[in-house]
*Asks:* 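Before we start, here is the structure in question, set down as structure tokens.
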There are 4 protein chains.
Amino acid sequence: MASRKKEKRQLILEAALQVIAEHGYHQAQVSRIAKEAGVADGTIYLYFKNKEDILVSLFQDRLGDLVARFHESIRDTDSADEALRKICELHYSELESNVALAYVTQIELRQSSLELRKAIGEVVKTYIQLIENVLRQGIEEGLFRADLDVKLTRLLLFGGMDEVVTSWLIAGRKYSLAAQVEKTLEFFLRGLRA
Amino acid sequence: MASRKKEKRQLILEAALQVIAEHGYHQAQVSRIAKEAGVADGTIYLYFKNKEDILVSLFQDRLGDLVARFHESIRDTDSADEALRKICELHYSELESNVALAYVTQIELRQSSLELRKAIGEVVKTYIQLIENVLRQGIEEGLFRADLDVKLTRLLLFGGMDEVVTSWLIAGRKYSLAAQVEKTLEFFLRGLRA
Amino acid sequence: MASRKKEKRQLILEAALQVIAEHGYHQAQVSRIAKEAGVADGTIYLYFKNKEDILVSLFQDRLGDLVARFHESIRDTDSADEALRKICELHYSELESNVALAYVTQIELRQSSLELRKAIGEVVKTYIQLIENVLRQGIEEGLFRADLDVKLTRLLLFGGMDEVVTSWLIAGRKYSLAAQVEKTLEFFLRGLRA
Amino acid sequence: MASRKKEKRQLILEAALQVIAEHGYHQAQVSRIAKEAGVADGTIYLYFKNKEDILVSLFQDRLGDLVARFHESIRDTDSADEALRKICELHYSELESNVALAYVTQIELRQSSLELRKAIGEVVKTYIQLIENVLRQGIEEGLFRADLDVKLTRLLLFGGMDEVVTSWLIAGRKYSLAAQVEKTLEFFLRGLRA
DNA sequence: AATGAATGAGTATTCATTCAT
DNA sequence: CATGAATGAATACTCATTCAT
């Protein structure tokens, strides 16, 4: 029973992702999402409080998963630069391999309500703090400059990668995003190293 | 006559900026902008094709000005690293000294229609190309690494600064943005230098 | 079996009365009544045709009982004025001692559908006819005026008492309703007596 | 200009009255009222805050007028019993000559929202207080019994007349309401007189 | 008999845009 | 040039009822 309920919830979230990716945020009516999920409009409200709750859940679910994978990926790393490599690899490869998610998170969901953007902010914050932790670790290891302002630098790193992904999407995904990892890292590590 | 027309057009754009900055994008109704500008609702449509045209014009006007100032500021520079310093200085100081503009461009206008975001993209593209030119110049001068991917790196630079400004706004402008220039440049130049 | 069926039916009616009294007519959803009765939503429809049927049944049951008690109470009376006293006493005391019923019948159920109000009308009609009978009896006894229009007068009597009860409820039940019997009768009997 | 605005407002109120009288409260959608008034749906909201505001305004306007006429009518009366006659005459004749208003106020608007019923209550209260004043006057004049409880008696008078009107409507207006004045007064005055 | 998950019809309100004055 | 009253399309959400289990 519980799993069935979970399944239908996931079904609706998946439908929402598809609809937003295909038709854009402003054309993602509840009835359209319901139709895509193969359920009645009212059924949506058995699983979500309101429309915003669908979108917030979608973002938290998918990006929450992603952030969890970031944490896992750096668990086995031996040094800060290796950890940073893992982060950049994941950041680019995950969004490249899941275009719908990338499009929805990078483009569509940013034009949403205050409440949703707050929820997005919360998840992104977790990710940015992860980057900060890697920076601190690098400084402790003597690998990164001791005079780094970690609060500022984490923004430069995240903002840089974020812009690369967004630009790649808007330009029509004409090149490999994963192929940008080495050049990105080269730039970042030179900026960080002691 | 022409100047009078220009004046009223500017009056409306200024009103739009104020209303969006004060009440947010979703509360910026045409009638509210008209009231703020001291004109009738219908008058708006003598100067702009539709609501989107107001916002596009606003963005192009103000950010176009800004980009022009970027061009001017680097005209008298002798080297690419000095030019990059000017760019970063302007980027942070202009937005710090014009909070309404910063808030509207960084936060509010990003939740807008596809058409508007395209127009925003056009202006931002000009700016990003300016950065690219500086990078090319630096490489020619032998100041920056010859193996730099300028198309990628310009995104890392712009994205980094952009995120710093947005984060500063969201966090409540509790510190000086201009004071971040040196640390930002330190990171950037280490990443760029040959 | 039959009694068990009756019991559950009564259980649901009692739950409906409680829910309407507590939350008002517009907040008395079928699911809420089902929850209050401790049964599933679907179970309701094994005992009632639809929601309206619950409310009609509720009104007929409880007010039907009440009217039956009116009939009983005047059975042992010797004269029309004594019968009228019994009626007024019962009318005030029964509703005073059963506030939930009073509130539901006087306030909440009046804002309901045409169908329900028709059903209410049927029950109230029986009561009004009872009053009419007493009036006829009084005329026969030579106690009441022979020129009374019993069809009109029964409405004046019922409407008067009804308004007194409703007003007492709306005003917050700050005084004794039963204490109004003597003054009410004084007014009525003066109007009726030959 | 002001009168034109007033006219359209009245036009909408009149349309609302017609629609409710014809189709009932639950079928009185805003779009139906707009169509009946010959205006666009949105135009309604230039004159009223929301749907409830239409109904409250309708009730206050029309019944407010009626109560004002009650005040006027008793201004020139010489005694309390004459005043009471005027009240009863107006009560019956006004509602008889304006069936739509009668139907809407006696039947349809009673099944409405709490807010509306509060507004109704306010207007009715004014009327009931008017009756009370007449009763006090009658006592002072020595015309009515000194031991009358005016707070109770005003309810018996209003409730009686109210029930007569409602019953007349529900029964299909098969007889003259105005013809009930004399018999009603006969009953009331016998109950009141010293 | 009992359940409760699923259904889907129905409606008030906002606001960009027009056009008669 | 300027006005502002009027327009009308477009959409989230509730809840009585059903029916497979």
Side-chain angles (χ1 to χ4, degrees), chain A residues 1 4-5 8-9 12 26-35 37-54, chain B residues 1 4-5 8 12 26-35 37-55 113, chain C residues 1 4-5 8 12 26-35 37-55 113, chain D residues 1 4-5 8-9 12 26-35 37-55 113:
Chain A
M1 290 279 272
R4 216 189 251 175
K5 189 153 191 173
K8 190 155 281 188
R9 193 188 145 89
I12 293 168
H26 288 296
Q27 281 304 308
Q29 296 92 341
V30 171
S31 61
R32 203 167 211 161
I33 294 172
K35 202 176 176 183
V39 300
D41 293 19
T43 305
I44 299 274
Y45 294 88
L46 297 175
Y47 297 89
F48 300 94
K49 210 174 69 215
N50 50 35
K51 183 178 178 179
E52 191 160 66
D53 190 29
I54 307 175
Chain B
M1 289 280 276
R4 216 193 249 174
K5 188 156 189 175
K8 190 158 280 189
I12 294 168
H26 288 296
Q27 283 305 306
Q29 296 91 343
V30 171
S31 60
R32 201 168 213 161
I33 294 172
K35 199 177 177 186
V39 301
D41 293 18
T43 305
I44 299 273
Y45 292 87
L46 299 173
Y47 297 89
F48 299 94
K49 208 175 71 208
N50 51 34
K51 182 180 178 178
E52 193 158 63
D53 191 27
I54 308 176
L55 304 178
S113 69
Chain C
M1 288 282 273
R4 215 193 251 175
K5 188 156 189 173
K8 190 157 282 188
I12 293 167
H26 287 295
Q27 283 305 306
Q29 296 90 343
V30 171
S31 61
R32 201 168 213 162
I33 294 171
K35 199 177 176 185
V39 301
D41 293 18
T43 306
I44 298 273
Y45 292 86
L46 299 173
Y47 296 90
F48 299 93
K49 208 176 70 209
N50 50 34
K51 182 180 179 178
E52 194 157 62
D53 190 28
I54 307 174
L55 304 179
S113 69
Chain D
M1 289 278 274
R4 215 190 251 175
K5 189 153 191 174
K8 190 156 279 187
R9 192 189 146 89
I12 294 168
H26 288 295
Q27 281 304 306
Q29 296 92 341
V30 171
S31 61
R32 203 167 211 161
I33 294 171
K35 201 176 176 184
V39 301
D41 292 20
T43 305
I44 299 272
Y45 293 88
L46 296 175
Y47 297 89
F48 300 95
K49 210 174 68 216
N50 51 34
K51 182 178 177 179
E52 190 160 64
D53 190 28
I54 307 175
L55 305 178
S113 70

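No experiment lies behind these values; they were computed from the predicted model shown. Each chain gets a letter, A, B and so on, in the order its sequence line appears, and its residues count up from 1.
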*Asks:* Any idea which heavy atoms bring A/A28 and A/I33 closest together, and the distance?
*Replies:* O-CD1, 4.0 Å
*Asks:* Please report the closest heavy-atom contact between D/R32 and D/Q27, naming both atoms and the distance.
*Replies:* NH1-O, 3.2 Å
*Asks:* Polar-atom pairs under 3.5 Å, protein N or O versus N or O of nucleotides 11-15 of chain F: list them with distances, or write none.
*Replies:*
from: F/dT11; atom 1: OP1; to: A/Q29; atom 2: NE2; distance (Å): 2.9
from: F/dA12; atom 1: OP1; to: A/K51; atom 2: NZ; distance (Å): 3.0
from: F/dA12; atom 1: OP2; to: A/V30; atom 2: N; distance (Å): 3.3
from: F/dC13; atom 1: OP2; to: A/Y45; atom 2: OH; distance (Å): 2.9
from: F/dC13; atom 1: OP2; to: A/K51; atom 2: N; distance (Å): 2.9
from: F/dC15; atom 1: OP1; to: C/Q29; atom 2: NE2; distance (Å): 3.2

*Asks:* Starting from P on E/dA16, measure out to CZ on B/R32 and report it in whole angstrom.
*Replies:* 11 Å
*Asks:* My understanding is that only one of D/D53, D/V30, D/N50 makes a side-chain contact (heavy atoms from CB on, under 4.5 Å) with D/I44; could you say which?
*Replies:* D/V30
*Asks:* Rounded off to whole Å, could you give me the CG-to-C1' distance for the C/D53 and F/dA16 pair?
*Replies:* 13 Å
*Asks:* What nucleotide among E/dG4, F/dA6, E/dA6 has an atom nearest to a side-chain atom of A/Y47?
*Replies:* E/dA6
*Asks:* Between D/K35 (NZ) and E/dT11 (P), how many Å, whole number?
*Replies:* 14 Å
*Asks:* Without decimals, in angstroms, what is the distance between C/I33 CD1 and F/dT17 P?
*Replies:* 11 Å
*Asks:* Can you see which heavy atom on B/K8 is nearest to which on B/Y47, and at what distance?
*Replies:* CD-OH, 3.3 Å
*Asks:* To the nearest angstrom, how far is B/I44 atom CD1 from F/dT3 atom C1'?
*Replies:* 12 Å
*Asks:* Looking only at non-hydrogen atoms, find the nearest pair between B/H26 and B/Q29 and report the distance.
*Replies:* O-NE2, 4.4 Å
*Asks:* Which stems does DNA chain E form, counting runs of 3 or more consecutive Watson-Crick or G-U wobble pairs with both distances under 3.5 Å?
*Replies:* E:2-21 with F:2-21
*Asks:* Counting only side-chain N and O atoms of B/K8, is one of them less than 4.0 Å from OP1 or OP2 of F/dC1?
*Replies:* no
*Asks:* How many angstroms lie between CG in A/L46 and CZ in A/R9, if you round to the nearest 0.5 Å?
*Replies:* 12.5 Å
